[in-house]
Amino acid sequence: MAPQVRRTAFPKVLIERDTDSEQSSSDDDDEEEEQENENEEKTEEFNDTKKKGKSPITISLKKVCKKTGHEAGFKGATYIDCPMKPCFLCKMPGHTTMTCPHRVATEHGVVPAPHVNTQNPVEFVFERQLKPRITPIKPAYVIPNQVDCAVIRYHSRRVTCLEFHPTNNHILLSGDKKGQLGVWDFAKVHEKTVYGNIHSCILNNMRFSPANDGMIYAASSDGTVSCTDLETGISSTLMNLNPDGWQGPGSWRMLYGMDINLERGVVLVADNFGFLYLVDSRSNSQTGKAIMIHKKGSKVVGLHCNPFQPDLLLSCGNDHFARLWDMRRLEAGSVLANLEHRRVVNSAYFSPFSGTKILTTSQDNRLRIWDSIFRDLDSPSREIVHSHDFNRHLTPFRAEWDPKVIKPNTVIVLRHISFILNDSLDPSESLAVIGRYISENYNGTALHPIDFIDINTGQLVAEVMDPNITTITPVNKLHPRDDVLASGSSRSLFIWRPKEKFDVSEQSDTRKIIVFGGDEKKRGKRSKDDYDDDSDDDKFNVKGKNVKVKKPAKQMTNRKAKR
DNA sequence: AGCCGATGTAGCC
DNA sequence: TGGCTACCCTCGGC
């Protein structure tokens, strides 16, 4: 079969370097011009080869199968599957990823698996009477689909989690595999800080303190829960599960899932042995005993308190289950529901407004949706096949709800429903975002898009990508108020905004601002080799294809004024 | 450019 | 239950 190519028009890229202030000699302008032209040339060239299809087709099929004669690998930018293996996407034998019905049916790669359970009467009523009345999902033009700004190689290791500031619209927090915490003001682009001494390894989850939005709680594989002041970077440890240090892998406890229950004043964390811990956020001490909520010895990777009824807790982990708990009766065996999956569950979230839906991401390449927690939870209402099953080397993929819905406990006067008038809101609680593992051939480049999925239908609302981001983007978070998407891809951060929302005059290629990491204010202890490789920070590395960096153009300076 | 290592889960014995 | 190895569209460093 001929490799398939998806045609998408990409704009040219302009990359800003954040060491501009260092150079201010008289021939600066010329140099700038020169570099600009050079960049123009390079970019043209880059685009031209693709347009004319002149770039040589690289064939790198490699042996992936023990049987002779069966190989797989890239043919140009299209990946060819080994015909002897089950489909990489849906895991079913008899076809390859290229011909998988879940990939080709909608032309976008996302289609719901058949309804798994026969409809019960309540469900029938829901489908026939309630569902049609739900306001349709938000229009496509508010989907963030174009890179607005970025920090390239901001973190020294891959990004593991992201969190938007609850009140300041331009602050993005990011955690990494090394345990460092990034604070980036993406409106000022260059204002970025990395705190390096909070944790000693993977920062798995973080949450803002509901009582004080200048404080952030974080759970790490070093076995501690931290509480950090964002201004000063001063951090305190709420709990340490390894007070005696390293005693071998059998006893080293790591913290993964985390959430905060404001009403009870507790921080909930869960470890890699199946246990849940409650930490009193006022006294900073553990309350009660650890409770085994998942299979003994298995990782509990996610915790989520219901936004509407905070005593309802959702957990998920490596024992292939997501579980529903009542905080008032928390003990092993008191589980309300066990939501079964075929593989590890990367994440499980209640819907952000009503809290009645559940969305999970599992390593079996399926998103699962339970439409109501008040119904029979034996099997999901829907399964959506989606490629996200990479389980090592990368941060696990998690489907995230669009949080732009009315906050819980908000009184809504039905005759004056303001939120329906606002396009940014998704009153139907149907929009989710998740990065895609499998690549597609877009104009000769293999890219891994970020998918916006209508979880009511399985439809792909948008696939978002940029030709310069050839790395996989497993970490994604939608802004709680604005039409903004934040992505963590490898060590870099990206901010996306809707293309259509910009003024036409602003739609030029120069809107993309890329800042290179490495010289941000350093606070706390950092290891020596953190930025050893930053000497070549004039390159925006695109998997070997280096796009030459342009120095800040004049129009770039205007950009900030426009904001 | 090409190789290597870190890394998590599953399935086998 | 533990040890071993297969998985095989990563990414960054040397």
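Chain naming here is simple, since letters A, B, ... match the order of the sequence lines and numbering starts at 1 in each.
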Under the side-chain hydrogen bond (donor to acceptor under 3.5 Å, both in side chains) rule, collect the residues that match up with A:His388, sequence neighbours excluded.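 By the side-chain hydrogen bond (donor to acceptor under 3.5 Å, both in side chains) rule, A:His388 matches A:His386.
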
Looking at residues at least two apart in the chain, or sitting in another chain, which of them share a side-chain hydrogen bond (donor to acceptor under 3.5 Å, both in side chains) with A:Asn365? none

Identify the pairs formed between an N or O of the protein and an N or O of nucleotides 8-12 of chain B at a distance under 3.5 Å, and give each distance.
| from | atom 1 | to | atom 2 | distance (Å) |
| --- | --- | --- | --- | --- |
| B:dG8 | O4' | A:Asn391 | O | 3.0 |
| B:dG8 | O6 | A:Arg392 | NH1 | 2.6 |
| B:dG8 | N1 | A:Arg392 | NH1 | 3.3 |
| B:dT9 | OP1 | A:Asn318 | OD1 | 3.3 |
| B:dT9 | OP1 | A:Asn318 | ND2 | 2.3 |
| B:dT9 | OP2 | A:Asn318 | ND2 | 3.1 |
| B:dT9 | O4' | A:Asn391 | ND2 | 3.2 |
| B:dA10 | OP1 | A:His320 | NE2 | 3.0 |

Rounded to whole Å, please give me the gap between [atom1] in [X] and [atom2] in [N].
X	N	atom1	atom2	value
A:Lys85	C:dA6	NZ	C1'	8 Å
A:Lys295	C:dT1	NZ	C1'	11 Å
A:Asp81	C:dC9	CG	P	9 Å
A:Phe74	C:dC9	CZ	C1'	4 Å
A:Arg157	B:dG5	CZ	P	16 Å

What contact category does A:Phe88 fall into here, base, sugar-phosphate, or nothing, at under 4.0 angstrom with non-hydrogen atoms? base

For a quick check of understanding: with a heavy-atom distance under 4.0 Å over all strands, which category does A:Ile472 fall into, base, sugar-phosphate or nothing? sugar-phosphate

Any salt bridge (Lys or Arg N to Asp or Glu O under 4.0 Å) pairs touching residues 387-398 of chain A, not counting sequence neighbours? A:Lys91-A:Asp389

Using the salt bridge (Lys or Arg N to Asp or Glu O under 4.0 Å) rule, collect all pairs that involve residues 468-478 of chain A, keeping only residues at least two apart or in two chains. A:Glu163-A:Lys477, A:Glu400-A:Lys477

Would you measure the distance from the C1' atom in C:dC9 across to the matching atom in B:dG11 and give it in whole Å?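 Comparing C1' positions in C:dC9 and B:dG11 gives a spacing of 23 Å.
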
Hits for ring-ring contact (aromatic ring centres under 6.0 Å, His included) against A:Trp496, two or more places apart or cross-chain, chain-then-number order -> none

Residues that A:His479 engages under ring-ring contact (aromatic ring centres under 6.0 Å, His included), provided they are two or more places apart: A:Phe164

Any salt bridge linking A:Arg491 with A:Asp176? Criterion: basic side-chain nitrogen under 4.0 Å from a carboxylate oxygen.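 No, this pair does not count.
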
Parallel, tilted or perpendicular, judged at 30° and 60°: which one describes the rings of A:Phe350 and A:His304?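 The arrangement is tilted - the two ring planes meet at 30° to 60°.
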
Excluding sequence neighbours, so at least two apart, what forms salt bridge (Lys or Arg N to Asp or Glu O under 4.0 Å) with A:Asp378?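 Residues passing salt bridge (Lys or Arg N to Asp or Glu O under 4.0 Å) with A:Asp378: none at all.
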
List DNA chain B stems (3 or more consecutive Watson-Crick/G-U pairs, under 3.5 Å)? B:2-6 with C:10-14, B:8-13 with C:2-7

A:Lys177 side chain near B:dA6 phosphate (N/O to OP1/OP2, under 4.0 Å):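 Answer no for this pair, as no side-chain N or O of A:Lys177 is under 4.0 Å from OP1 or OP2.
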
Which nucleotide sits closest to the side chain of A:Arg491: C:dC11, C:dC9, C:dG13? C:dG13

